Amino acid sequence: LSASATTQESVRGPSQAGPPSTDGGVIDTSPPRGTRDFPPEDMRLRTWLFNNFREVSSLFGFEEIDFPVLESEELYIRKAGEEITQQLYNFEDKGGRRVTLRPELTPSLARLVLQKGKSASLPLKWFAIGQCWRYERMTRGRRREHYQWNMDIIGIPGVEAEAELLSAIVAFFSKLGITSSDVGIKISNRKVLQEVLGRSVIPESSFAAVCVIVDKIEKIPRAEVEKELTALGLPVEAVDTILRALTLRSLDDLEELLGSDNEAVVELKQLFELARGYGFEDWLQFDASVVRGLAYYTGTVFEAFDRTGTLRAICGGGRYDKLLSTFGGVDTPACGFGFGDAVIVELLKEKKLLPELNHEVDDIVMPLEEELRPQAAIVAARLRTQGRRVDVVMGNKKMKWAFKHAERLQAKRMVILGSTEWAKGSVRVKDLSSREEKDLPLEEL
Ligand SMILES: OCc1cccc(Br)n1
């Protein structure tokens, strides 16, 4: 056997040694490029984060849904030049179908709403937590998967829906100890751009593509944005007007530019008034430069940012009233947000708000002799029936190991089975905080 096979044996033991790997070495134990494993310590943090996602969703009366990570490619074929649709993790399956790992959750949600049709009584308040994928040339070394929390409200045309979603986002941040001094939420409305484009007589068909390009305004040089806009066929003066409009940072200036009866002005004013009612207006700021990079947004758009400016957007969302009709359904008002699992963890690290999460059990059950293992099972079953988390020591360990193990797991008690005590129907229980030790009859455990 080659050395590596021995290595494998040392991992699997001689009796179960699998076939030596092809080149005689141990397999590559890293996960596929751009993906992550979640060993226990990382999985505890992820579970903690997702539990907070779920608790906030439940607090706001939302129902959880889920759908396959694999979807038909046609769900994401959009012509607006979005990065997300140009990096599909797509392939042809063995049945010749064009499929893809989903890059986002919203199209799946739209598909499910259409599938439910009239049986889904509106409004729907649905949330999902799902892994999303992109295939990006590793030249940029970025991840190819992340988990996203989405909350969506289907069937409400008014901005009260957006106000609820924003309130949920603020509730989530507050729950984790993040305040409006740490994070702000930029708000705008794509109807600002629609109005400005309308005045420059830009065809409606270019609207989504203009939004996708303008969304890059803070990521690529302005000249590049101008170049891409003119390449779309926009006259130079229209490009100037658009970019000037995007510098607006006050609703009064917006009202002066568009007039008080402009839909964007009306909707934004309503939203800020609701925000005052909810008490989170100090998190919000109007910022006309926010358009978000997804083609299907039609109204309100928003994104949460860290006020130090060191991180990428923490979450983002908006209104997408026409997505269902692009799938052949009846137009249904909808809005929602996506909240990724990566930037929020970076923010919590920076703010020293990461929770201390340890693997914990209540009782360690320790048979002093292998012959007492069946009895240890009886004790463990009894304790678990009471809802106590029990770790049964296996592998013929000594007491010294068991006490170190108990300390690592911050166990409350060590329950020791010895033949003498068992003969009297008792077990020895050591309280690991008071160090008190006593024999307890099994029925008093
Ligand atoms: O938000 C863009 C995106 C989509 C899928 C996977 C990853 Br990582 N990032």
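We number each residue from 1, following the sequence as shown. One-based numbering, in listed order, for ligands and for the atoms of each. A quick note: this is a predicted structure, and the numbers were derived from the prediction, not measured.
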A.B. asks: Any idea which protein heavy atom is nearest atom 4 (C) of ligand 1, and the distance to it?
C.D. replies: P103 O, 3.4 Å
A.B. asks: Quick one: do E71 and R102 make a salt bridge, cutoff under 4.0 Å?
C.D. replies: no
A.B. asks: Kindly say whether the aromatic ring centers of F286 and F272 come within a distance under 6.0 Å.
C.D. replies: no
A.B. asks: Ligand 1 versus E145, non-hydrogen atoms closer than 4.0 Å: side chain, backbone, both, neither?
C.D. replies: backbone
A.B. asks: Taking all non-hydrogen atoms of both residues into account, name the closest pair between P68 and R111 and its distance.
C.D. replies: CD-NH2, 3.7 Å
A.B. asks: Nearest heavy atom to atom 6 (C) of ligand 1: which of C132, G338, G34 does it belong to?
C.D. replies: C132
A.B. asks: Measure across D362 and G387 and return the closest heavy-atom pair with its distance rounded to 0.1 Å.
C.D. replies: OD2-O, 4.3 Å
A.B. asks: Tell me, which protein residue and heavy-atom name are nearest atom 1 (O) of ligand 1, and how many Å apart are they?
C.D. replies: H146 CE1, 3.6 Å
A.B. asks: In this structure, which one of F127, F60, W149 forms a ring-ring contact (aromatic ring centres under 6.0 Å, His included) with F172?
C.D. replies: W149
A.B. asks: Looking at non-hydrogen atoms alone, which of R144, R134, R143 comes nearest to atom 9 (N) of ligand 1?
C.D. replies: R134
